[in-house]
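Throughout, a chain's letter reflects where its sequence line sits, starting with A, and its residues are numbered from 1. Values reported hereafter were calculated over all heavy atoms of this structure, with side chains retained and with hydrogens, waters and symmetry mates removed.
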Protein chains: 4
Amino acid sequence: MSATDNYRQNKKDQIVKAAAVVFAASGYSGAVIADIAIQARIGKGTVYEYFDSKEDLFFAVFEWYQKKTEKAAIDGIASCGDGASERLKALNESLMGLWAEIKDVFMLVMEFWSASSSTRMRQRFKAAFKQIYDEYRHSVCGLIQEGIDGGEFHPDVKPDAVAAALVGTWDALFLQAWFDDHFDPAKTARDFLVTVIRGLLNKA
Amino acid sequence: MSATDNYRQNKKDQIVKAAAVVFAASGYSGAVIADIAIQARIGKGTVYEYFDSKEDLFFAVFEWYQKKTEKAAIDGIASCGDGASERLKALNESLMGLWAEIKDVFMLVMEFWSASSSTRMRQRFKAAFKQIYDEYRHSVCGLIQEGIDGGEFHPDVKPDAVAAALVGTWDALFLQAWFDDHFDPAKTARDFLVTVIRGLLNKA
Amino acid sequence: MSATDNYRQNKKDQIVKAAAVVFAASGYSGAVIADIAIQARIGKGTVYEYFDSKEDLFFAVFEWYQKKTEKAAIDGIASCGDGASERLKALNESLMGLWAEIKDVFMLVMEFWSASSSTRMRQRFKAAFKQIYDEYRHSVCGLIQEGIDGGEFHPDVKPDAVAAALVGTWDALFLQAWFDDHFDPAKTARDFLVTVIRGLLNKA
Amino acid sequence: MSATDNYRQNKKDQIVKAAAVVFAASGYSGAVIADIAIQARIGKGTVYEYFDSKEDLFFAVFEWYQKKTEKAAIDGIASCGDGASERLKALNESLMGLWAEIKDVFMLVMEFWSASSSTRMRQRFKAAFKQIYDEYRHSVCGLIQEGIDGGEFHPDVKPDAVAAALVGTWDALFLQAWFDDHFDPAKTARDFLVTVIRGLLNKA
DNA sequence: TATGAATGAGTCTTCATTCAT
DNA sequence: CATGAATGAAGACTCATTCAT
């Protein structure tokens with residue numbers, strides 16, 4: 001990578017981060033390029049030197065956010081533990097630990113979801129989300145399958161369904177926490193997981 | 001209610017339904033009042049005879065949608081069944097049965113979520129969602145509590161957490177279904193519920 | 001005049017008076033036909049049964065206002081007094097006595113002036129004002145001319161100029177009073193008139 | 001002042017002058033931003049780069065007009081003359097000399113007066129006019145007071161009243177001239193002033 | 001490369017006027 | 001006669017994008 005490329009990449013990151021702040025504060029439509037430029041401490045025109053359009057910039061924010069959060073998931077899934085149950089719990093803690101960090105930009109997630117319904121951005125976002133969910137479900141599914149194969153989990157358990165539901169639950173608890181400051185997603189997830197694991201275990 | 005009031009109410013409903021279609025197709029910001037008027041087969045100005053602003057109309061759509069879907073929840077929760085497990089299953093079926101019906105306007109839900117982040121509409125929507133979630137969780141919580149009290153469910157179960165998580169799961173499965181045409185939320189929910197109920201049951 | 005005509009005339013007056021209130025409160029452009037209808041306690045459409053357009057109604061208010069205020073001028077000019085000086089003073093008192101009464105609708109006068117600059121209404125209003133000023137000046141001029149002819153006023157006095165200036169002064173003092181609540185137009189006019197009359201008198 | 005600031009100031013002036021023309025031709029409400037932009041040979045949006053709203057632009061026109069005309073008043077009042085009478089005459093000539101210059105934009109003045117009654121702009125304009133009149137009256141009052149103090153004018157003269165009346169007369173003669181092309185405000189003022197000065201002089 | 005002045009397409013919203021009842 | 005629901009023309013204002021410097 002040349003020095004110039006490196007310079008451009010740093011600048012791009014700088015703009016993306018500024019954009020994330022503004023998009024999170026105002027939503028996609030409410031965000032104004034001028035404000036993003038101010039936030040990034042650059043001129044308005046400069047934004048267009050690095051991104052072709054507001055939509056492109058928004059998608060770049062999406063990718064940046066994605067990269068940022070998927071690490072927690074990967075770490076959580078990779079965490080070694082004493083059996084599938086423990087690893088599930090570890091994953092749960094890892095993900096829920098994100099809340100404090102992403103609380104302020106959680107609006108972004110809702111904007112991303114919402115962008116999937118915008119006629120113009122639907123294609124990009126819908127496809128990206130499909131892939132993300134596929135991967136998440138697949139990872140969690142593998143974890144549960146291991147539990148079944150190892151005899152820890154009951155053979156009748158449907159790993160696909162449980163994985164999809166758990167992935168969804170994590171999302172949805174953040175959503176509820178967003179609406180209600182007194183709602184504690186981490187504790188809720190932990191308590192719920194106890195019951196789910198009880199259901200998963202093979203108590204033969 | 002006078003004949004005139006009745007007339008106005010019908011007209012309002014007509015506009016709200018037209019608006020729901022257009023908001024679902026284009027999102028809040030993308031939707032254009034002129035298109036809503038065309039969809040409702042009325043003049044642009046007429047919209048403003050019934051709603052003070054685009055925001056008000058959007059909120060009316062939200063309330064309409066809310067009323068429309070909460071029926072399924074109420075029916076599901078009220079459904080008599082043989083014990084808490086059966087009633088949970090019935091609720092699950094009732095809610096999942098909505099999918100076919102709301103699939104086309106599910107974008108609306110994401111727009112509503114997103115509206116909670118718009119600075120201007122945050123107040124209204126956030127408060128409304130908080131209340132809705134409170135009620136849903138409370139209903140489901142009651143159902144689980146009955147199961148515990150009746151000895152059907154294990155006494156260590158945390159009804160709050162399970163209720164919140166289940167409510168969230170239903171939301172989130174629709175979300176995943178929205179991103180993936182091949183994803184079957186009803187089947188997933190049914191399979192997942194088997195495991196959850198296994199975890200809930202008191203097998204003493 | 002038939003009973004019907006009489007009915008219509010009363011209704012017209014009712015509307016004109018309501019319109020005067022609203023135009024005074026909001027200005028011509030700011031006034032809304034719907035508000036005038038409410039003020040007149042009639043339906044919006046009814047206004048158009050009596051006036052062809054907003055402009056016509058405004059002009060009717062102008063004529064009504066004109067008729068209302070010119071009485072004071074006529075009375076003042078007609079007032080018998082001991083010589084031209086006394087009659088001038090009487091006229092001055094008569095006109096200044098209007099202030100308390102018209103203070104609240106003085107905005108109307110400014111709106112009428114302003115209407116003379118609106119391209120669409122210019123013709124009507126400009127012509128009307130020209131005629132009104134012609135008449136006022138002519139009356140006052142006659143009064144001063146009598147003073148000159150009777151030997152009370154100095155023969156070098158230019159009655160046209162003095163009349164025009166006095167008429168203008170009365171207008172302008174109301175204008176200043178409009179801008180400044182502490183400004184007393186009546187007292188100012190009285191004090192000024194002393195000096196003017198001193199200048200008019202033939203002290204040979 | 002930086003080069004940029006200078007550039008922006010010129011542009012602002014350019015827009016204000018264009019706006020003055022359009023407001024004078026169509027009145028405040030009748031004027032259309034698009035027309036002002038055309039008159040200024042710029043794009044519609046550019047107007048908003050320099051002024052926040054139509055009201056702000058209108059007020060800027062008011063300030064511009066004010067600055068433009070007050071020079072004549074200051075010059076007139078400052079003019080040295082042989083005694084108070086001569087200075088009054090000089091002031092009169094100075095102000096009346098404005099007529100040819102401002103005839104075409106005199107409508108603006110009526111629009112400014114009218115703006116003082118618009119609910120939204122009342123505050124700004126009313127306060128501004130009060131101050132302007134205060135200053136004018138104060139200046140003229142000082143001039144007359146000098147005449148009294150110097151023994152040239154009669155000690156019983158009320159300088160406040162005469163000043164207010166004269167200031168008003170000048171305004172009002174322009175108003176009459178606006179309604180009547182054949183009316184000569186300068187000549188009228190000159191002739192009237194002869195009588196007023198006769199009334200002011202101390203002929204002991 | 002960086003900038004920000006300029007632009008005009010696009011939108012919400014208002015309101016005088018019409019007309020069916 | 002009276003009404004008020006319906007209308008659409010009109011206008012203020014926003015903002016993504018361009019481009020000359």
Expressed in angstrom and rounded to an integer, what is the separation of [X] atom [atom1] from [N] atom [atom2]?
X       : N      : atom1 : atom2 : result
D/Asn6  : E/dA5  : CG    : C1'   : 16 Å
B/Gln14 : F/dA6  : CD    : C1'   : 12 Å
A/Ile36 : E/dG4  : CD1   : C1'   : 16 Å
A/Arg41 : E/dA2  : CZ    : P     : 17 Å
A/Ile15 : E/dT1  : CD1   : C1'   : 12 Å
D/Tyr50 : E/dA6  : OH    : C1'   : 8 Å
B/Phe58 : E/dC12 : CZ    : C1'   : 16 Å
C/Asp35 : E/dT14 : CG    : C1'   : 12 Å

Exercise for review: Please check if the side chain of D/Ser26 supplies one atom and the backbone of D/Phe23 the other of a donor-acceptor pair under 3.5 Å.
Suggested key: no
Check your understanding: Which of parallel (below 30°), tilted (30 to 60°) and perpendicular (above 60°) describes B/Phe129 and B/Phe112?
Key -> tilted
Check your understanding: Taking any strand in view, what nucleotide pairs with E/dA5 in a Watson-Crick or G-U wobble way, both distances under 3.5 Å?
Key ->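 E/dA5 is paired with F/dT18.
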Review point. OP1 or OP2 of F/dT21 less than 4.0 angstrom from a side-chain nitrogen or oxygen of D/Tyr7, does that happen here?
Key: no
Review point. Side-chain N or O of B/Arg8 less than 4.0 angstrom from OP1 or OP2 on F/dG4?
Key: no
Check your understanding: Between A/Val47 and D/Val47, who's closer to the 5' end of DNA chain E by nearest nucleotide?
Key -> A/Val47
Review point. With respect to D/Phe62, which candidate in D/Phe58, D/Trp64, D/Phe59 satisfies the ring-ring contact (aromatic ring centres under 6.0 Å, His included) definition?
Key: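 The passing option is D/Phe59.
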Point to revise | Pi-cation contact, C/Trp178 with D/Lys126 (under 6.0 Å, within 45°) | key: yes
Practice item. Cation-pi check, D/Lys54 to D/Tyr28: give yes when NZ or CZ is under 6.0 Å from the six-membered ring centre and within 45° of the ring axis, no otherwise. Key: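 Yes.
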**Study point:** D/Asp13/D/Arg8 ion pair, N-O < 4.0 Å
**Key:**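 Judged by the 4.0 Å cut-off on N to carboxylate O distance, D/Asp13 and D/Arg8 do not form a salt bridge.
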Exercise for review: Could you tell me whether C/Asp35 and C/Lys44 make a salt bridge, using a distance below 4.0 angstrom between a side-chain N and a carboxylate O?
Suggested key: no
**Study point:** nucleotides 12-20 of chain F: protein proximity per nucleotide (B base, S sugar-phosphate only, - neither; heavy atom, under 4.0 Å)
**Key:** SBB-SBB--
